[in-house]
Engineer: 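Structure provided below as structure tokens; questions to follow.
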Amino acid sequence: MAELPDLTVFAHILSRKFKGQVLEKLEVTVAKKLNVTVPELAAALEGRELEGIKREGKTLQFHFSGGQLLGLHLMLRGELVELKNDETPRFQIIAFHFKNGTGFAVVDMQKQATPTLNPKPVDAPDALALEEAYFTGLLAKKRTVVKSLLMDQHLIRGIGNSYADEILYHAGVSPFSVANAIPPKAAAKILNSIGVILHKAIREIDEANGDELTGELKDFMEIHSSILKKTAKGESIKSDKIGGRTTYYIDTQELFH
DNA sequence: GTAATTGTTCTAGC
DNA sequence: CGCTAGAACAATTA
């Protein structure tokens with residue numbers, strides 16, 4: 001599934017392929033998640049130039065001329081497909097057809113992917129734009145387990161279940177640690193790991209994907225995997241549930257509580 | 001046939 | 001009332 005690093009790479013690929021193209025037709029196959037009607041969406045975007053694609057949190061933001069913005073959340077199973085020939089991909093949600101004959105579609109077998117016209121700006125900072133003062137302040141006032149905090153999109157945008165595990169493993173902090181019990185030194189370590197892990201993943205996915213919008217993303221996980229029994233260093237991986245989500249960790253990650 | 005998947009939203013409880 | 005933890009939901013595959 002697509003998480004922050006995948007979305008960052010997708011935004012770059014989409015920009016290379018479609019930036020500057022004029023949207024001829026917006027095809028909506030599944031409308032139930034839209035925040036506006038299909039005619040409203042078409043009226044807002046058709047005939048506009050796609051000026052740029054950015055990632056924000058776990059969403060892609062398609063900036064069109066005239067100040068129109070389409071947010072897209074792929075949720076659990078959403079994927080992007082470059083359109084070839086005139087075939088409609090299986091599980092299509094929406095498709096963008098450009099004047100020059102190219103295009104791409106959003107597909108989702110669970111129909112959960114959510115396009116939003118002109119989404120409200122959100123306050124919570126992106127995981128790659130975190131300031132140390134904000135992050136340490138956040139940790140200090142929350143009593144929740146640190147993994148849940150990292151994943152709370154109202155506090156920090158962009159970190160999901162798998163990268164939360166990777167980040168905490170890298171930082172050497174137990175995912176069960178209580179946020180406000182984490183000392184400043186460990187907090188700084190976690191913040192550093194957020195940047196290191198996410199940037200590393202972006203780099204690796206970028207290299208692996210090239211110009212492929214989809215294609216299977218290689219698994220770069222060091223610890224968050226149902227197959228792995230041991231880390232590369234030979235530490236045995238344990239699994240447990242946090243907030244109903246499978247969490248992978250090793251015994252030596254320091255627990256603060 | 002059933003479990004697993006996982007981000008978000010809703011709700012119950014302290 | 002504020003905060004937190006956990007359940008429910010979505011739809012399909014293995």
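Within every chain, numbering begins at 1; the chains are lettered A, B, ... in the order of the sequence lines, protein sequences first and strands thereafter. These numbers come from a predicted model, not from an experiment.
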Engineer: Output the rounded distance in Å from CG (D165(A)) to C1' (dT6(B)).
Structural biologist: 12 Å
Engineer: Over its full length, what angle do the end axes of the helix from dT2(B)-dA14(C) to dC14(B)-dG2(C) make, each axis taken from five pairs and the result rounded to 10 degrees?
Structural biologist: 50°
Engineer: Does the side chain of T144(A) get closer than 4.0 angstrom to OP1 or OP2 of dC3(C) through an N or O atom?
Structural biologist: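 For dC3(C), OP1/OP2 do not have a side-chain N/O of T144(A) under 4.0 Å.
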Engineer: dT6(B) P sits how many Å from Y163(A) OH, rounded?
Structural biologist: 13 Å
Engineer: Between E56(A) and R157(A), is there a side-chain N and carboxylate O pair less than 4.0 Å apart?
Structural biologist: yes
Engineer: Measuring to OP1 and OP2 of dA11(C), would you say a side-chain N or O of K32(A) lies under 4.0 angstrom away?
Structural biologist: yes
Engineer: Kindly indicate whether the side chain of P175(A), heavy atoms from C-beta on, has any atom under 4.5 Å from the side chain of Q253(A).
Structural biologist: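 Heavy-atom side-chain distance check passes, below 4.5 Å.
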Engineer: Find every protein N or O atom lying less than 3.5 Å from an N or O atom of nucleotides 12-14 of chain C, and list the pairs.
Structural biologist:
unit_1	atom_1	unit_2	atom_2	d
dT12(C)	OP1	M109(A)	O	3.2
dT13(C)	OP1	R90(A)	NH2	3.1

Engineer: Send over the distance from R157(A) CZ to dG7(B) C1', rounded to a whole Å.
Structural biologist: 15 Å
Engineer: Less than 4.0 angstrom from a charged side-chain N to a carboxylate O is my criterion; do K58(A) and E3(A) meet it?
Structural biologist: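 E3(A) and K58(A): not salt-bridged.
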Engineer: Are F62(A) and F104(A) close enough that their ring centres sit under 6.0 Å apart?
Structural biologist: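 They qualify: ring centres under 6.0 Å apart.
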Engineer: Checking D206(A) now: which residues fulfil side chain to side chain contact (heavy atoms under 4.5 Å, CB included) with it, not counting sequence neighbours?
Structural biologist: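 D206(A) satisfies side chain to side chain contact (heavy atoms under 4.5 Å, CB included) with V9(A) only.
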Engineer: Could you check how far CG of N35(A) sits from P of dT8(B), rounded to whole Å?
Structural biologist: 16 Å
Engineer: Provide, to the nearest angstrom, the distance between the CD atom belonging to E166(A) and the P atom belonging to dT6(B).
Structural biologist: 13 Å
Engineer: Can you tell me how far P of dT4(C) sits from CG of N180(A), to the nearest Å?
Structural biologist: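 About 9 Å, once rounded to whole Å.
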Engineer: Nearest-Å distance, CE (M75(A)) to P (dA10(C))?
Structural biologist: 12 Å
Engineer: Using only heavy-atom distances, determine whether the side chains of K147(A) and T247(A) contain a donor-acceptor pair under 3.5 Å.
Structural biologist: yes
Engineer: Would you say K33(A) places a side-chain N or O within less than 4.0 Å of OP1 or OP2 belonging to dA10(C)?
Structural biologist: no
Engineer: Polar atom pairs between nucleotides 9-14 of chain B and protein, under 3.5 Å, N or O only, would you list them?
Structural biologist:
none

Engineer: Would you please name every residue forming a side-chain hydrogen bond (donor to acceptor under 3.5 Å, both in side chains) with Y163(A), sequence neighbours left out?
Structural biologist: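 With sequence neighbours excluded, Y163(A) shows a side-chain hydrogen bond (donor to acceptor under 3.5 Å, both in side chains) to no residue whatsoever.
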Engineer: Tell me the interatomic distance from E3(A), atom CD, to dT5(B), atom C1', rounded to whole angstroms.
Structural biologist: 13 Å
Engineer: Determine whether the aromatic ring centres of Y169(A) and Y248(A) lie less than 6.0 Å apart.
Structural biologist: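 That pair fails the under 6.0 Å test.
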Engineer: R143(A) side chain: which of dT8(B), dT6(B), dT4(C) is closest?
Structural biologist: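 So the nucleotide nearest the side chain must be dT4(C).
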Engineer: Examine the side chains of E235(A) and T231(A) and answer whether a donor and an acceptor come within less than 3.5 Å of each other.
Structural biologist: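 Yes, because at least one side-chain N or O of E235(A) sits under 3.5 Å from a partner of the opposite role on T231(A).
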Engineer: For the pair S177(A) (side chain) and F256(A) (backbone), establish whether a donor and an acceptor sit closer than 3.5 Å, ignoring hydrogens and angles.
Structural biologist: yes
Engineer: State, without any angle test, whether D240(A) and Y249(A) hold a side-chain donor-acceptor pair at a distance under 3.5 Å.
Structural biologist: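 Checked: D240(A)/Y249(A) side chains pair up, N/O donor to acceptor below 3.5 Å.
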Engineer: What are the residues of residues 239-251 of chain A, sorted by number, that bring a heavy atom to within less than 4.0 Å of DNA chain B?
Structural biologist: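 Per residue number, the list reads R245(A), T246(A).
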Engineer: Hydrogens and angles aside, do R55(A) and T8(A) bring a side-chain donor and acceptor to less than 3.5 Å of each other?
Structural biologist: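 Distance-only check passes for R55(A) and T8(A).
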Engineer: N35(A) side chain to L117(A) main-chain N or O, any donor-acceptor pair under 3.5 Å?
Structural biologist: yes
Engineer: Think K142(A) has a side-chain N or O under 4.0 angstrom from the OP1 or OP2 of dT4(C)?
Structural biologist: yes
Engineer: Between T102(A) and K17(A), do the side chains contain a donor N or O and an acceptor N or O under 3.5 Å apart?
Structural biologist: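 The criterion, which ignores hydrogens and geometry beyond distance, is not satisfied for T102(A) and K17(A).
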Engineer: Less than 4.0 angstrom between a side-chain N/O of H73(A) and OP1 or OP2 of dT8(B), yes or no?
Structural biologist: yes
